[in-house]
Protein chains: 2
Amino acid sequence: MNSMNPARQAPVTTADKIFETMQREIVEGQILAGSKISEPELAKKYQVSRSTLREALNRLEKCHLIERKANVGSRVVECTVKGLLEIYIVREALEGMACRLAASAMQDAEIAELQQILAGHGQEKQLQDGVAYYQEEGDLDFHYRVIQGSNNQQLINILCGELYHLVRMYRCQFGMNSPRATRAFDEHKAILNAIADRDGELAEMLMRRHIAASRKNIERKLEQESN
Amino acid sequence: MNSMNPARQAPVTTADKIFETMQREIVEGQILAGSKISEPELAKKYQVSRSTLREALNRLEKCHLIERKANVGSRVVECTVKGLLEIYIVREALEGMACRLAASAMQDAEIAELQQILAGHGQEKQLQDGVAYYQEEGDLDFHYRVIQGSNNQQLINILCGELYHLVRMYRCQFGMNSPRATRAFDEHKAILNAIADRDGELAEMLMRRHIAASRKNIERKLEQESN
DNA sequence: TTTAGTCTAATTGTCGACAATCCTCTCATT
DNA sequence: AATGAGAGGATTGTCGACAATTAGACTAAA
């Protein structure tokens, strides 16, 4: 269900394939966060020329998974607490706005479809109570569809194209098996209700609170760990 | 005053220089919006190899000034009304949030400095009453500094790195000699007062209204023209 | 006249080699 | 011992050529 999530145009060129492979390996931590990227080494590993690899690196940089410095090279981004919280802030602002727009722009049919998906998540949740992984995938799925519903191409590009995989990376590497699953599910329902009521203002507020609550949950958890 | 605006790391490599040159030419319209980009042609024009040119194209794509399709090529983005309004929406969300953060994060000294800058703009405005150009530059300057003041690197990257020049492009090509100069100046003052009062909530609201007012102003103007 | 198909020319993607820059280790000097 | 200069090795940036794909023109058939 999630595999069709990204705004993916089927990888046609070989640089596309290398890009997707590396993207997955970075997100899942097989290429370590913060590690230096050696162009000759990776070119050999994937059996492509350095030009092709560099093309892939350029796209990884576009979705904020690596950082480049001239004449020095590329590094995988580090997963810091500060960075994670910064992303939540950006998401709060952008997804809140997306939600407001979606309340105006989404078709009735789209809303109905999303309601069905959400109901499906609810059943899965009941069945697999406590197992948060699917809920997490479902969470991304819900957010993804609301963003698409905004019908604002800039917004969609930034959230689904440039930030999406960075969010996934943090989820993977910080192992977020949210204890908020149940509450998050209810919040999703409330947000969708506001959208269905065409109440953009309320929808934005609920989405912002929803994301802010996740952020504060992380802050609290990390605070505890440091004690 | 504006030339030091972008988060520019001095261009060290030749691809950097080509990138900056093309960036300027696209923003100012010397390379026409919507036009197709011929790699061989431009490589000859700038006297560099295609590899170097493609490196520059990759960065232009990062700041949303061109779009690429696999096996087809690159085009300069088109300046459409829809696109312009979409950007205003994104800015409303992100700069509003930046403003909220700035109210907490900016140092007293930074705030004082910004107050002086704003006062300077006020004098210029009085002197050159009606001439909106400097005010427009000043507008970007003000927004830029507030964004920096948020101290959120993700936010700064998106707004100052990826969207900044696209905004400039629209300003250039739609010829926005704002009749809102006076009002915008007053709004800036109110925003800065809220920041100085450390009232993040108010600061966000004022910034959002400020940007939304600009957007509606554009909508109104374009609506009139179409009649 | 229109449409389908094919062929040619041009453009983009990929490759390997060379040039320029940076990092590190060594050695000399204070 | 600490600091600085310099050489060596490795990495990144740039180049020109080849391969793969696309766009456009031309022909032929319905």
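Chain naming here is simple, since letters A, B, ... match the order of the sequence lines and numbering starts at 1 in each.
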Side chains of A:E92 and A:Y88, donor plus acceptor under 3.5 Å
no
Using distance only, find each side-chain donor-acceptor pair of residues 102-116 of chain A under 3.5 Å and give its atom names and separation, not counting sequence neighbours.
from, atom 1, to, atom 2, distance (Å)
A:D108, OD1, A:R198, NH2, 2.7
A:E110, OE1, A:Q107, N, 2.9

What orientation do B:H143 and B:H188 show, parallel under 30°, tilted 30 to 60°, or perpendicular over 60°?
perpendicular
Which residues satisfy the side-chain hydrogen bond (donor to acceptor under 3.5 Å, both in side chains) test with B:N58, sequence neighbours excluded?
B:R68
I need the CG-C1' distance between B:L42 and C:dT12, as an integer number of Å.
14 Å
Mark up nucleotides 8-19 of chain D, 5' to 3', with B wherever a protein heavy atom is under 4.0 angstrom from a base atom, S wherever such an atom reaches only the sugar-phosphate, and - elsewhere.
----BBBBB---
Which pair of heavy atoms, one from A:L166 and one from A:H64, lies closest together, and at what distance?
CD1-O, 3.7 Å
